[in-house]
Amino acid sequence: TSVWDPKENLPTDYARIFQFENFTATKKRILKEDRDSGAMPGWYVRLHIEGVPAEYMASRSSDSPAVVYGLLPHEQKMSVMHFIVKRHHSYNEPIKSKERMIFHVGFRRFSACPIYSEHTNGSKHKFDRWLPNEGMAVATVFAPITFPSAPVLMFKANSDGSQDMVATGSVLSVNPDRIISKRLILSGHPFKINKRTATVRYMFFNREDILWFKPVELRTKHGRRGHIKMPLGTHGHMKCVFDGQMKSQDTVL
């Protein structure tokens, strides 16, 4: 019941994560300022670069291009990036969360170990252990900030040095506070069984948890459905109602 700040005891490395006060407003302002300045698409631009070492010019092949790019404000900082991706039709192997991948995000290329979650409009997003074969998913990584909607290509490196394209997509957002929750199954055992009611224990161990999870539907391994009616006492026993009589060897989930 006390006030708890979830960010008060984070590791010191988390101080590197940059967080926007209002990412949507910042993105609109920066992209508007970028459209009003600089070179426009289709222009020919001549660049004069000073202080280039002579050794570089001597070692550089005339056949290889020099890539020049500019950074928008904040794009030199690191944060938690979310990419909306879809599996490429040519790749059918399973892809597990936290498996190292190679990302091409805009002009940048880096390797990271993404975690995957559902792409929904809710405030909490279910963690996926595997990249789904169908539909869109969100890949979350710690990476340099890039503003949406930069294109994203995801590759997997093979042992022979080649790379297979795994998924394609675009940048979704920059948000360290996006909640990615894992799905857990809590189990309890019937203590006393009546016709359609049963006293269940060992699922919870205090009254407050029972009241918190009261709206969640119950099910059993033998196919019964039910709900929590009321807590009993202060040690986690609860009275539950089911659509039929339970068996003593059944388990409540």
Side-chain angles (χ1 to χ4, degrees), residues 1-11 14 17 19 23-24 80 82-87 94-99 113-142 172-173 175-253:
T1 56
S2 60
V3 177
W4 175 64
D5 181 8
K7 297 184 179 181
E8 65 182 355
N9 288 324
L10 292 176
Y14 279 56
I17 298 177
Q19 184 166 9
F23 174 73
T24 304
V80 180
H82 306 286
F83 307 137
I84 178 170
V85 295
K86 183 177 182 180
R87 181 190 283 265
I95 304 167
K96 194 174 183 179
S97 276
K98 302 181 183 179
E99 188 175 354
C113 301
I115 62 173
Y116 306 110
S117 59
E118 290 182 340
H119 178 50
T120 62
N121 293 327
S123 60
K124 301 175 182 65
H125 310 273
K126 180 177 171 290
F127 170 81
D128 286 332
R129 292 182 60 195
W130 308 88
L131 180 66
N133 294 327
E134 302 291 338
M136 310 299 290
V138 175
T140 300
V141 297
F142 176 64
L172 176 64
S173 65
N175 181 15
D177 287 338
R178 187 178 194 267
I179 297 176
I180 300 175
S181 59
K182 289 186 177 181
R183 179 175 177 265
L184 298 177
I185 298 178
L186 304 176
S187 62
H189 301 279
F191 179 51
K192 296 178 181 178
I193 300 175
N194 296 322
K195 287 186 178 180
R196 291 186 56 197
T197 62
T199 301
V200 179
R201 61 180 177 176
Y202 300 147
M203 181 180 290
F204 304 107
F205 296 92
N206 58 68
R207 188 182 187 93
E208 289 77 13
D209 286 347
I210 297 174
L211 295 173
W212 175 267
F213 284 97
K214 191 174 179 181
V216 180
E217 185 186 30
L218 301 176
R219 62 181 178 88
T220 72
K221 287 188 175 181
H222 288 86
R224 297 297 180 196
R225 298 274 177 173
H227 63 273
I228 299 173
K229 186 174 182 180
M230 58 185 294
L232 300 174
T234 59
H235 291 79
H237 291 201
M238 58 185 181
K239 187 175 183 179
C240 304
V241 180
F242 295 93
D243 58 359
Q245 186 167 3
M246 286 184 62
K247 299 179 180 178
S248 60
Q249 68 270 23
D250 208 346
T251 304
V252 182
L253 307 173

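Atom set for the values below is all heavy atoms of this structure, side chains included, hydrogens, waters and symmetry mates excluded. This one's a predicted model, so the numbers in the text were calculated from it and none came from an experiment.
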Taking side chain as C-beta onward, heavy atoms only, is Q245 less than 4.5 Å from I193? yes
Q: State whether a side-chain donor-acceptor pair under 3.5 Å links H125 with T120.
A: yes
For V138 and R178, the nearest pair of non-hydrogen atoms, with its separation, is CG2-NH2, 3.6 Å
Between C240 and V200, the two heavy atoms sitting closest are SG-CG2, 3.8 Å
_Tell me whether the rings of H189 and Y202 are parallel (<30°), tilted (30 to 60°) or perpendicular (>60°)._
perpendicular
Quick note, ring-ring contact (aromatic ring centres under 6.0 Å, His included) partners involving residues 227-251, not counting sequence neighbours, are F191-H237
Query - Residues T234, N206; criterion side-chain contact (heavy atoms from CB on, under 4.5 Å); working and verdict - result: CA-CA 6 Å; T234 59; N206 58 68; over 6 Å; no
Review point. With a 4.5 Å limit on heavy-atom distance, are the side chains of K98 and I115 in contact?
Key: yes
For P176 and I17, the nearest pair of non-hydrogen atoms, with its separation, is CG-CG2, 3.7 Å
In short, F204 meets D209 closest at the heavy-atom pair CD2-CB, 3.8 Å
Rounded to the nearest 0.5 Å, the CG atom of L172 sits from the CD1 atom of I84 at a distance of 6.0 Å
Going by heavy atoms in the side chains, are R207 and L232 under 4.5 Å from each other?
no
What I'd like to find out is whether the side chain of L211 reaches to under 4.5 Å of the side chain of P231, using heavy atoms alone. yes
Nearest heavy-atom approach of L253 to S187 is CD2-CB, 3.7 Å
Is the distance between the ring centroids of Y116 and F127 less than 6.0 Å?
no
> Taking atom types as modelled and ignoring hydrogens, do the side chains of D177 and Q19 form a donor-acceptor contact shorter than 3.5 angstrom?
Replying inline: yes
So, T220 versus R225: side-chain donor-acceptor pair below 3.5 Å or not? no
Smallest heavy-atom separation, M246 atom then P190 atom, equals CE-CG, 3.9 Å
